[in-house]
Amino acid sequence: MGNSIQQPSAGITLITTPELWLEGEAIKQLHTTATLPDISYAAAMPDIHPGRGYPVGAAFFTTQLIYPALIGGDIGCGMSLWQTSLKTHAMNQAKLIKQLGNLDQPLSASECTSLWPDIQPLQQHNYASGTIGGGNHFAELQMLDTIYVAEIAEQIGLNKQHLQLMVHSGSRGLGGAILDKHIRQFGHQGLIADSEAGKSYLTQHNQALAYAQQNRELIARRILTNLRAQGQKLADISHNFIEAACIHGESGWLHRKGAAPATQGLVVIPGSRGDYSYLVQPLDTPTALYSLAHGAGRKWQRSACKGRLSRRYTVEQLSRTVHGSRVICADRELIYEEAPQAYKSIDSVITAMVQAELIRPIARFKPVITYKVKTEKK
DNA sequence: ATGTCC
(Lines give C-alpha, C1' and ligand atoms only; values in the text may rest on other atoms or scores of the structure.)
Protein backbone atom coordinates (compact mmCIF):
# COMPACT_ATOMS: atom_id res chain seq x y z
CA MET A 1 0.00 0.00 0.00
CA GLY A 2 1.98 2.98 1.32
CA ASN A 3 2.30 5.87 -1.10
CA SER A 4 0.17 4.41 -3.88
CA ILE A 5 -3.11 5.65 -2.41
CA GLN A 6 -3.62 9.35 -1.87
CA GLN A 7 -6.68 11.03 -0.43
CA PRO A 8 -6.31 14.71 -1.32
CA SER A 9 -9.79 15.54 -0.05
CA ALA A 10 -12.71 13.78 1.55
CA GLY A 11 -14.30 11.25 -0.75
CA ILE A 12 -11.62 11.42 -3.45
CA THR A 13 -9.09 8.63 -3.81
CA LEU A 14 -6.12 8.73 -6.17
CA ILE A 15 -4.36 5.52 -7.16
CA THR A 16 -0.86 6.63 -8.06
CA THR A 17 2.85 6.43 -7.25
CA PRO A 18 5.48 9.18 -6.90
CA GLU A 19 6.88 8.12 -10.29
CA LEU A 20 3.57 8.47 -12.16
CA TRP A 21 2.79 11.64 -14.07
CA LEU A 22 -0.76 12.85 -13.51
CA GLU A 23 -1.69 15.80 -15.69
CA GLY A 24 -2.81 18.85 -13.71
CA GLU A 25 -5.83 19.41 -15.92
CA ALA A 26 -7.06 15.87 -15.24
CA ILE A 27 -6.83 16.38 -11.46
CA LYS A 28 -8.65 19.70 -11.84
CA GLN A 29 -11.42 17.95 -13.77
CA LEU A 30 -11.51 15.24 -11.12
CA HIS A 31 -12.12 17.80 -8.35
CA THR A 32 -14.66 19.77 -10.37
CA THR A 33 -16.59 16.61 -11.19
CA ALA A 34 -16.38 15.34 -7.60
CA THR A 35 -18.18 18.47 -6.39
CA LEU A 36 -21.22 18.01 -8.68
CA PRO A 37 -24.48 17.53 -6.75
CA ASP A 38 -24.88 14.10 -5.15
CA ILE A 39 -21.40 12.83 -6.05
CA SER A 40 -20.23 11.40 -2.73
CA TYR A 41 -17.12 9.47 -3.77
CA ALA A 42 -14.63 9.71 -6.60
CA ALA A 43 -11.64 7.56 -7.46
CA ALA A 44 -8.92 8.39 -9.98
CA MET A 45 -7.16 5.54 -11.68
CA PRO A 46 -3.42 5.76 -12.46
CA ASP A 47 -4.23 6.28 -16.15
CA ILE A 48 -6.35 9.40 -15.54
CA HIS A 49 -6.06 12.07 -18.22
CA PRO A 50 -8.14 15.09 -19.29
CA GLY A 51 -11.34 14.57 -21.22
CA ARG A 52 -14.09 16.82 -22.49
CA GLY A 53 -14.88 18.51 -19.21
CA TYR A 54 -14.66 15.28 -17.26
CA PRO A 55 -11.57 13.19 -16.64
CA VAL A 56 -11.04 9.87 -18.38
CA GLY A 57 -9.82 7.16 -16.02
CA ALA A 58 -12.05 7.69 -12.99
CA ALA A 59 -15.13 6.42 -11.15
CA PHE A 60 -17.84 8.47 -9.45
CA PHE A 61 -20.56 7.39 -7.04
CA THR A 62 -23.98 9.02 -6.56
CA THR A 63 -26.99 7.99 -4.51
CA GLN A 64 -29.91 9.55 -6.42
CA LEU A 65 -28.69 11.22 -9.61
CA ILE A 66 -27.13 9.87 -12.76
CA TYR A 67 -24.86 11.90 -15.07
CA PRO A 68 -25.11 10.73 -18.69
CA ALA A 69 -22.67 13.41 -19.91
CA LEU A 70 -20.04 12.03 -17.54
CA ILE A 71 -20.16 8.66 -19.30
CA GLY A 72 -19.92 10.43 -22.64
CA GLY A 73 -20.82 9.28 -26.11
CA ASP A 74 -19.10 5.93 -26.27
CA ILE A 75 -21.43 4.11 -23.89
CA GLY A 76 -20.28 0.51 -23.49
CA CYS A 77 -16.76 0.97 -24.84
CA GLY A 78 -14.60 -1.86 -23.59
CA MET A 79 -12.03 -4.59 -24.07
CA SER A 80 -12.37 -8.20 -25.04
CA LEU A 81 -9.78 -10.97 -25.11
CA TRP A 82 -9.88 -14.11 -27.23
CA GLN A 83 -7.70 -17.18 -27.35
CA THR A 84 -7.16 -18.07 -31.00
CA SER A 85 -6.05 -21.28 -32.72
CA LEU A 86 -3.30 -19.49 -34.67
CA LYS A 87 0.06 -21.08 -33.95
CA THR A 88 2.59 -18.66 -32.50
CA HIS A 89 5.70 -20.45 -33.74
CA ALA A 90 4.41 -20.72 -37.31
CA MET A 91 3.32 -17.12 -37.34
CA ASN A 92 3.91 -15.18 -40.55
CA GLN A 93 3.25 -11.51 -39.88
CA ALA A 94 3.03 -10.42 -43.52
CA LYS A 95 0.68 -13.28 -44.37
CA LEU A 96 -1.58 -12.50 -41.42
CA ILE A 97 -1.78 -8.85 -42.45
CA LYS A 98 -2.75 -9.89 -45.96
CA GLN A 99 -5.37 -12.34 -44.68
CA LEU A 100 -6.81 -9.78 -42.27
CA GLY A 101 -7.75 -7.67 -45.25
CA ASN A 102 -9.93 -4.60 -44.81
CA LEU A 103 -12.28 -4.43 -41.81
CA ASP A 104 -13.44 -0.87 -42.31
CA GLN A 105 -16.83 -1.52 -43.93
CA PRO A 106 -19.82 -2.22 -41.66
CA LEU A 107 -21.40 -5.67 -41.72
CA SER A 108 -25.11 -5.84 -42.46
CA ALA A 109 -27.42 -7.93 -40.31
CA SER A 110 -27.84 -10.46 -43.11
CA GLU A 111 -24.09 -10.80 -43.58
CA CYS A 112 -23.74 -11.42 -39.84
CA THR A 113 -26.42 -14.09 -39.68
CA SER A 114 -25.18 -15.90 -42.76
CA LEU A 115 -21.58 -15.89 -41.49
CA TRP A 116 -22.42 -16.68 -37.84
CA PRO A 117 -25.91 -18.16 -37.49
CA ASP A 118 -25.62 -18.32 -33.69
CA ILE A 119 -25.48 -14.51 -33.42
CA GLN A 120 -28.70 -12.54 -33.17
CA PRO A 121 -27.85 -9.07 -34.51
CA LEU A 122 -29.27 -6.23 -32.44
CA GLN A 123 -30.54 -4.66 -35.62
CA GLN A 124 -32.90 -1.98 -34.36
CA HIS A 125 -29.75 0.14 -34.62
CA ASN A 126 -27.22 -0.54 -37.32
CA TYR A 127 -24.38 1.77 -36.38
CA ALA A 128 -21.34 0.53 -38.28
CA SER A 129 -21.61 -2.95 -36.82
CA GLY A 130 -18.44 -5.01 -37.00
CA THR A 131 -16.13 -2.01 -37.37
CA ILE A 132 -13.52 -0.88 -34.88
CA GLY A 133 -13.92 2.90 -35.07
CA GLY A 134 -11.34 5.62 -34.52
CA GLY A 135 -9.43 7.25 -31.68
CA ASN A 136 -7.80 4.75 -29.36
CA HIS A 137 -9.87 1.81 -30.63
CA PHE A 138 -8.03 -1.16 -32.11
CA ALA A 139 -7.95 -4.89 -32.67
CA GLU A 140 -4.66 -6.60 -31.93
CA LEU A 141 -3.12 -10.02 -32.32
CA GLN A 142 -0.88 -10.71 -29.38
CA MET A 143 1.48 -13.38 -28.14
CA LEU A 144 1.84 -14.47 -24.54
CA ASP A 145 4.98 -12.95 -23.05
CA THR A 146 4.82 -13.89 -19.36
CA ILE A 147 2.45 -15.95 -17.27
CA TYR A 148 2.46 -14.86 -13.61
CA VAL A 149 -0.23 -17.22 -12.30
CA ALA A 150 -0.09 -20.48 -14.24
CA GLU A 151 -3.06 -21.99 -12.42
CA ILE A 152 -5.47 -19.26 -13.55
CA ALA A 153 -3.99 -19.00 -17.03
CA GLU A 154 -4.54 -22.71 -17.48
CA GLN A 155 -8.00 -22.62 -15.94
CA ILE A 156 -9.29 -20.05 -18.43
CA GLY A 157 -7.59 -21.71 -21.39
CA LEU A 158 -4.76 -19.28 -22.14
CA ASN A 159 -2.37 -21.06 -24.45
CA LYS A 160 1.18 -19.93 -25.07
CA GLN A 161 1.43 -21.94 -28.31
CA HIS A 162 -1.31 -19.88 -29.94
CA LEU A 163 -1.93 -16.17 -30.48
CA GLN A 164 -4.43 -14.07 -28.56
CA LEU A 165 -6.74 -11.42 -29.97
CA MET A 166 -7.75 -8.23 -28.18
CA VAL A 167 -10.52 -5.89 -29.27
CA HIS A 168 -11.02 -2.35 -27.96
CA SER A 169 -14.21 -0.85 -29.35
CA GLY A 170 -17.58 0.49 -28.34
CA SER A 171 -21.14 1.23 -29.39
CA ARG A 172 -20.00 3.20 -32.48
CA GLY A 173 -22.63 5.80 -33.43
CA LEU A 174 -25.36 4.43 -31.19
CA GLY A 175 -24.04 5.66 -27.82
CA GLY A 176 -23.30 9.06 -29.34
CA ALA A 177 -26.81 9.34 -30.72
CA ILE A 178 -28.27 8.48 -27.30
CA LEU A 179 -26.10 11.07 -25.58
CA ASP A 180 -26.78 13.78 -28.20
CA LYS A 181 -30.51 13.38 -27.80
CA HIS A 182 -30.19 13.36 -24.04
CA ILE A 183 -27.96 16.47 -23.92
CA ARG A 184 -30.32 18.43 -26.19
CA GLN A 185 -33.14 17.82 -23.72
CA PHE A 186 -31.41 17.90 -20.34
CA GLY A 187 -27.92 19.38 -20.80
CA HIS A 188 -25.19 18.21 -18.43
CA GLN A 189 -27.26 18.25 -15.26
CA GLY A 190 -27.74 15.18 -13.13
CA LEU A 191 -30.98 13.31 -13.63
CA ILE A 192 -32.93 11.52 -10.91
CA ALA A 193 -32.25 7.90 -11.74
CA ASP A 194 -35.71 6.87 -10.68
CA SER A 195 -37.51 9.50 -12.83
CA GLU A 196 -39.07 8.72 -16.21
CA ALA A 197 -36.21 10.51 -17.97
CA GLY A 198 -33.63 8.71 -15.84
CA LYS A 199 -35.16 5.33 -16.52
CA SER A 200 -35.43 6.11 -20.21
CA TYR A 201 -31.74 7.00 -20.38
CA LEU A 202 -30.74 3.88 -18.47
CA THR A 203 -32.80 1.69 -20.83
CA GLN A 204 -31.06 3.17 -23.86
CA HIS A 205 -27.70 3.05 -22.06
CA ASN A 206 -28.20 -0.68 -21.45
CA GLN A 207 -29.02 -1.20 -25.14
CA ALA A 208 -25.80 0.59 -26.08
CA LEU A 209 -23.89 -1.57 -23.59
CA ALA A 210 -25.25 -4.72 -25.26
CA TYR A 211 -24.64 -3.31 -28.74
CA ALA A 212 -21.01 -2.47 -27.88
CA GLN A 213 -20.45 -5.95 -26.52
CA GLN A 214 -21.93 -7.49 -29.65
CA ASN A 215 -19.82 -5.20 -31.81
CA ARG A 216 -16.65 -6.47 -30.14
CA GLU A 217 -17.87 -10.00 -30.72
CA LEU A 218 -18.52 -9.28 -34.40
CA ILE A 219 -15.09 -7.69 -34.84
CA ALA A 220 -13.41 -10.70 -33.26
CA ARG A 221 -15.47 -13.18 -35.31
CA ARG A 222 -14.75 -11.23 -38.46
CA ILE A 223 -11.01 -11.32 -37.81
CA LEU A 224 -11.05 -15.02 -36.91
CA THR A 225 -13.05 -15.78 -40.07
CA ASN A 226 -10.60 -13.84 -42.27
CA LEU A 227 -7.66 -15.64 -40.65
CA ARG A 228 -9.41 -19.03 -40.96
CA ALA A 229 -8.97 -19.49 -37.24
CA GLN A 230 -11.06 -20.60 -34.30
CA GLY A 231 -11.39 -18.54 -31.16
CA GLN A 232 -12.67 -18.64 -27.63
CA LYS A 233 -13.72 -15.52 -25.73
CA LEU A 234 -11.91 -15.25 -22.41
CA ALA A 235 -13.08 -11.83 -21.23
CA ASP A 236 -15.24 -8.88 -22.24
CA ILE A 237 -15.38 -5.89 -19.94
CA SER A 238 -16.75 -2.41 -20.55
CA HIS A 239 -15.05 0.64 -19.04
CA ASN A 240 -17.67 3.31 -19.89
CA PHE A 241 -20.96 2.75 -18.11
CA ILE A 242 -23.26 3.33 -15.15
CA GLU A 243 -24.33 0.55 -12.83
CA ALA A 244 -26.30 0.21 -9.61
CA ALA A 245 -23.83 -0.42 -6.79
CA CYS A 246 -23.43 -0.43 -3.06
CA ILE A 247 -20.52 1.67 -1.80
CA HIS A 248 -19.59 1.94 1.89
CA GLY A 249 -23.02 0.64 2.84
CA GLU A 250 -24.97 3.04 0.62
CA SER A 251 -26.82 1.96 -2.50
CA GLY A 252 -26.56 4.19 -5.55
CA TRP A 253 -25.00 4.58 -8.97
CA LEU A 254 -21.43 3.96 -9.96
CA HIS A 255 -20.24 5.90 -13.00
CA ARG A 256 -17.15 4.51 -14.68
CA LYS A 257 -15.50 6.75 -17.24
CA GLY A 258 -12.48 4.96 -18.63
CA ALA A 259 -12.41 2.69 -15.59
CA ALA A 260 -12.85 -1.06 -15.65
CA PRO A 261 -15.02 -2.81 -13.07
CA ALA A 262 -13.22 -4.93 -10.48
CA THR A 263 -16.41 -6.98 -9.99
CA GLN A 264 -16.77 -8.92 -13.24
CA GLY A 265 -13.86 -11.32 -13.27
CA LEU A 266 -10.53 -11.00 -15.09
CA VAL A 267 -9.75 -7.67 -16.77
CA VAL A 268 -7.59 -6.88 -19.78
CA ILE A 269 -5.58 -3.69 -19.38
CA PRO A 270 -3.99 -2.73 -22.68
CA GLY A 271 -0.82 -0.74 -22.97
CA SER A 272 -0.15 1.51 -25.95
CA ARG A 273 0.21 -0.11 -29.37
CA GLY A 274 3.95 -0.43 -28.79
CA ASP A 275 3.77 -1.78 -25.26
CA TYR A 276 2.67 -4.85 -23.33
CA SER A 277 -0.93 -5.56 -22.33
CA TYR A 278 -1.90 -7.28 -19.09
CA LEU A 279 -4.56 -9.68 -17.95
CA VAL A 280 -5.21 -9.04 -14.25
CA GLN A 281 -7.29 -10.47 -11.46
CA PRO A 282 -9.08 -7.74 -9.46
CA LEU A 283 -8.78 -8.04 -5.69
CA ASP A 284 -11.96 -7.51 -3.71
CA THR A 285 -11.51 -4.04 -2.24
CA PRO A 286 -13.62 -0.85 -2.18
CA THR A 287 -10.46 1.31 -2.18
CA ALA A 288 -10.91 2.58 -5.75
CA LEU A 289 -14.71 2.19 -5.95
CA TYR A 290 -14.32 -1.35 -7.28
CA SER A 291 -12.61 0.05 -10.35
CA LEU A 292 -9.35 -0.30 -12.25
CA ALA A 293 -7.37 1.56 -14.90
CA HIS A 294 -8.60 0.89 -18.44
CA GLY A 295 -5.25 1.34 -20.18
CA ALA A 296 -1.96 3.20 -20.10
CA GLY A 297 -3.53 6.66 -20.24
CA ARG A 298 -2.45 9.50 -22.47
CA LYS A 299 0.69 11.45 -21.59
CA TRP A 300 0.38 13.91 -24.48
CA GLN A 301 -2.72 15.60 -25.81
CA ARG A 302 -3.71 14.49 -29.30
CA SER A 303 -3.03 17.95 -30.70
CA ALA A 304 0.58 17.90 -29.43
CA CYS A 305 1.65 14.57 -30.92
CA LYS A 306 2.33 15.35 -34.56
CA GLY A 307 4.44 18.39 -33.70
CA ARG A 308 6.54 16.38 -31.27
CA LEU A 309 6.99 13.29 -33.47
CA SER A 310 6.85 14.19 -37.16
CA ARG A 311 10.41 15.56 -37.36
CA ARG A 312 11.86 12.46 -35.64
CA TYR A 313 9.71 9.68 -37.06
CA THR A 314 8.12 8.95 -40.40
CA VAL A 315 4.70 7.35 -40.62
CA GLU A 316 6.49 4.22 -41.88
CA GLN A 317 8.69 4.12 -38.76
CA LEU A 318 5.66 4.52 -36.51
CA SER A 319 4.01 1.54 -38.17
CA ARG A 320 6.68 -0.71 -36.60
CA THR A 321 7.11 -0.89 -32.83
CA VAL A 322 9.94 -1.85 -30.49
CA HIS A 323 8.32 -5.26 -30.11
CA GLY A 324 8.56 -5.84 -33.86
CA SER A 325 4.79 -5.52 -34.19
CA ARG A 326 3.08 -3.83 -37.11
CA VAL A 327 0.44 -1.12 -36.79
CA ILE A 328 -2.05 -0.93 -39.65
CA CYS A 329 -3.13 2.70 -39.57
CA ALA A 330 -3.74 4.43 -42.88
CA ASP A 331 -4.83 7.62 -41.11
CA ARG A 332 -1.67 9.72 -41.07
CA GLU A 333 -2.92 11.99 -38.30
CA LEU A 334 -4.14 9.16 -36.10
CA ILE A 335 -0.87 7.25 -36.24
CA TYR A 336 0.88 10.22 -34.56
CA GLU A 337 -1.92 10.67 -32.01
CA GLU A 338 -1.76 6.99 -31.12
CA ALA A 339 2.02 6.62 -31.09
CA PRO A 340 3.40 4.78 -28.04
CA GLN A 341 5.30 7.95 -27.07
CA ALA A 342 1.92 9.66 -26.45
CA TYR A 343 1.07 7.15 -23.70
CA LYS A 344 2.41 6.31 -20.26
CA SER A 345 4.23 3.05 -19.79
CA ILE A 346 1.72 0.33 -18.94
CA ASP A 347 4.09 -1.03 -16.30
CA SER A 348 3.86 2.24 -14.35
CA VAL A 349 0.06 1.95 -14.33
CA ILE A 350 0.08 -1.74 -13.36
CA THR A 351 2.63 -1.09 -10.60
CA ALA A 352 0.43 1.59 -9.04
CA MET A 353 -2.50 -0.84 -8.88
CA VAL A 354 -0.37 -3.68 -7.52
CA GLN A 355 1.00 -1.41 -4.80
CA ALA A 356 -2.51 -0.25 -3.93
CA GLU A 357 -3.50 -3.92 -3.68
CA LEU A 358 -6.19 -3.59 -6.36
CA ILE A 359 -4.95 -6.33 -8.67
CA ARG A 360 -2.85 -9.40 -9.16
CA PRO A 361 -1.30 -9.71 -12.65
CA ILE A 362 -2.09 -13.03 -14.34
CA ALA A 363 -0.36 -12.72 -17.69
CA ARG A 364 1.38 -10.25 -19.97
CA PHE A 365 1.14 -10.12 -23.75
CA LYS A 366 3.10 -8.38 -26.46
CA PRO A 367 1.64 -7.04 -29.68
CA VAL A 368 2.07 -8.80 -33.03
CA ILE A 369 -0.30 -6.92 -35.36
CA THR A 370 -2.47 -3.94 -34.53
CA TYR A 371 -5.39 -3.06 -36.78
CA LYS A 372 -6.61 0.55 -36.57
CA VAL A 373 -7.78 1.50 -40.06
CA LYS A 374 -6.80 0.27 -43.50
CA THR A 375 -8.68 2.66 -45.78
CA GLU A 376 -6.88 5.88 -46.61
CA LYS A 377 -8.88 9.06 -46.27
CA LYS A 378 -9.92 10.83 -49.41
C1' DA B 1 -15.61 8.95 -29.06
C1' DT B 2 -18.14 10.29 -34.05
C1' DG B 3 -21.81 6.18 -40.82
C1' DT B 4 -17.58 13.28 -36.94
C1' DC B 5 -15.17 18.22 -38.11
C1' DC B 6 -11.43 20.55 -40.91
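In what follows, chains carry the letters A, B, and so on, assigned in the order in which the sequence lines appear, proteins first and then strands, with residues in each chain numbered from 1.
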Whole angstroms only, please: what is the CG-P distance between A/N215 and B/dA1? 14 Å
Mind listing the residues from residues 131-140 of chain A sitting with a heavy atom below 4.0 Å of DNA chain B? Number order is fine. A/G133, A/G134, A/G135, A/N136, A/H137
Does any pair with a residue in residues 206-220 of chain A pass salt bridge (Lys or Arg N to Asp or Glu O under 4.0 Å), and if so which ones, sequence neighbours excluded? A/R216-A/D236, A/E217-A/R221, A/E217-A/K233
Only pairs at least two apart or in different chains count here, so list each side-chain hydrogen bond (donor to acceptor under 3.5 Å, both in side chains) that has a residue in residues 137-146 of chain A. A/D74-A/H137, A/E140-A/Q142, A/E140-A/R273, A/E140-A/T370, A/D145-A/R364
Residues pairing under salt bridge (Lys or Arg N to Asp or Glu O under 4.0 Å) where one sits in residues 197-213 of chain A, two or more places apart or in two chains, turn out to be A/E196-A/K199
Do A/Y54 and A/H188 get their side chains close enough for a donor-acceptor pair, meaning under 3.5 Å? yes
Can you tell me the distance, in whole Å, between the OH atom of A/Y211 and the C1' atom of B/dT2? 13 Å
side-chain hydrogen bond (donor to acceptor under 3.5 Å, both in side chains): pairs with one or both residues in residues 93-103 of chain A, sequence neighbours excluded: A/N102-A/T375
Report, one line per pair, each donor and acceptor closer than 3.5 Å where one atom sits in a side chain of residues 173-183 of chain A; sequence neighbours left out.
none

A/E337 atom CD is separated from B/dT2 atom C1', nearest whole Å, by 13 Å
Less than 3.5 Å apart, which donor and acceptor atoms pair up between the side chains of residues 321-335 of chain A and the rest of the protein, not counting sequence neighbours?
unit_1	atom_1	unit_2	atom_2	d
A/T321	OG1	A/H323	N	3.2
A/T321	OG1	A/S325	N	3.3
A/T321	OG1	A/S325	OG	2.6
A/D331	OD1	A/E333	N	3.0
A/D331	OD1	A/L334	N	3.0
A/D331	OD2	A/K377	NZ	3.3
A/E333	OE2	A/K306	NZ	2.9

Does anything in residues 279-303 of chain A form a salt bridge (Lys or Arg N to Asp or Glu O under 4.0 Å)? List the pairs, not counting sequence neighbours. A/R298-A/E338, A/R302-A/E337, A/R302-A/E338
Review item, nucleotides 3-6 of chain B N/O atoms under 3.5 Å of protein N/O:
unit_1	atom_1	unit_2	atom_2	d
B/dG3	OP1	A/G173	N	3.4
B/dG3	OP2	A/R172	NH1	3.0
B/dG3	OP2	A/G173	N	2.7

